[in-house]
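This report concerns only the one structure given below.
In what follows, chains carry the letters A, B, and so on, assigned in the order in which the sequence lines appear, proteins first and then strands, with residues in each chain numbered from 1. The basis for the numbers below is simple: all heavy atoms, side chains too, and nothing from hydrogens, waters or symmetry mates. Just so you know, these numbers come straight off a predicted model, no measurement behind them.
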Number of protein chains: 2
Amino acid sequence: MESNDAVRRLSALAQDSRLAVFRLLVRAGPEGMAAGDIARGLGLAPNTLSAQLTVLANAGLIRSRRDGRSIVYAADYDAMSALLVFLMDDCCQGRPEVCAPVADLTARIACCEQPRGALS
Amino acid sequence: MESNDAVRRLSALAQDSRLAVFRLLVRAGPEGMAAGDIARGLGLAPNTLSAQLTVLANAGLIRSRRDGRSIVYAADYDAMSALLVFLMDDCCQGRPEVCAPVADLTARIACCEQPRGALS
DNA sequence: CCAACAATTCCACGATACTGGAAATATGGA
DNA sequence: TCCATATTTCCAGTATCGTGGAATTGTTGG
């Protein structure tokens, strides 16, 4: 991943409404949400939301597909992962203790792995 | 972590020079680097860099301490971890396959864990 | 074809951010 | 104390961004 792309993605997320949109889509999962539902859910004007969605899409953080009259947006998990790695790459060259806080929390992100859980 | 803080941190990182500074400090480790060395390393004017460092510090992403005539800056790994978790929280409620790309890459971030490595 | 609905594009205003010159503050050494 | 070094603060000019009203495109159903 290039630095320019990282800045574009970070800029896209560095705004109240867009961050809320992205986190909503992260929670919504791969099926995504229609633009109208996002607007209603977050209380945003349709045209304003449209501009924000364009920014997120240009950054590669979300994808869109048409479904009837609606356009459905979904988070791009691969793009987000690439950004996270870019940010923390080489965070500790040979010294495990440095990245410990990051490593600990990645376990929380990987919520569904449940390595010790008995679920499913 | 609050949404306002997340936006502040993302905004701080959403700029060429500041992103370069932060990544440089991530690589520099907990000992950090003097402001002058950062400026020379990245080819930035001292006053411009100072403004950028202030933004990163206000966002909580870096910390500073005085060492003689220099002021030494270091990345705050805990703050960064909190941001990463905030971004991807609840990324997959009960469906492990959704977060797989993220979970895979967290292994790359946790570079020093080397669970299968024989080093040290 | 026409009307209703969903979303986007166009446009302009107000606010915010990045940059660099010049001056100011703080530290260390003679 | 005086000077050089290291960094910050002040200030203003330029550029960019977020927002919302109005008009436009695309889709569905009668």
Separation between CG of A:Leu87 and CZ of B:Phe22, rounded to the nearest 0.5 Å: 7.0 Å
Without decimals, in angstroms, what is the distance between [X] [atom1] and [N] [atom2]?
X	N	atom1	atom2	answer
A:Asp67	D:dT28	CG	C1'	13 Å
A:Arg40	C:dA6	CZ	P	6 Å
B:Asp37	D:dT7	CG	P	7 Å
A:Asp16	C:dT16	CG	C1'	14 Å
A:Ile71	D:dT25	CD1	P	15 Å
A:Arg65	C:dT8	CZ	P	14 Å
B:Arg69	C:dA30	CZ	P	10 Å
B:Ile38	D:dT8	CD1	C1'	14 Å

Does the pair B:Val7 and A:Leu13 meet the rule for a side-chain contact (heavy atoms from CB on, under 4.5 Å), with working shown? CA-CA 7 Å; B:Val7 169; A:Leu13 294 171; over 6 Å; no
Is any side-chain nitrogen or oxygen of [X] closer than 4.0 Å to OP1 or OP2 of [N]?
X	N	value
B:Arg66	C:dT27	yes
B:Thr54	D:dT8	no
A:Tyr73	C:dA6	no

Under the 6.0 Å and 45° cation-pi test, does B:Arg23 pair with A:Phe86? yes
Applying a 4.0 Å non-hydrogen cut-off, can you work out what B:Arg18 is touching in the nucleic acid: base, sugar-phosphate, or nothing? sugar-phosphate
Using a heavy-atom cut-off of 4.0 Å across all strands, would you classify B:Ala34 as base, sugar-phosphate, or nothing? sugar-phosphate
Sidechain-backbone polar pair: [X] side chain, [Y] backbone, donor-acceptor under 3.5 Å:
X	Y	answer
A:Thr54	A:Ser50	yes
A:Gln15	A:Arg18	yes
A:Asp67	A:Ser70	no
A:Tyr77	A:Val26	yes

Please pick, from C:dT27, C:dT19, D:dT28, the nucleotide with the shortest atom-to-atom distance to any side-chain atom of B:Ser17. C:dT19
Where along residues 1-15 of chain B does a heavy atom come under 4.0 Å from DNA chain C, residue by residue in number order? B:Gln15
Of the residues in residues 44-53 of chain B, which ones touch DNA chain C at a heavy-atom distance under 4.0 Å? B:Asn47, B:Thr48, B:Gln52
Exercise: identify the closest heavy-atom pair between A:Ala12 and A:Leu61: CB-CD1, 4.1 Å
Is there a side-chain contact (heavy atoms from CB on, under 4.5 Å) between A:Asn4 and B:Asp16 once you walk through the steps? CA-CA 7 Å; A:Asn4 277 344; B:Asp16 266 331; 3.9 Å; yes
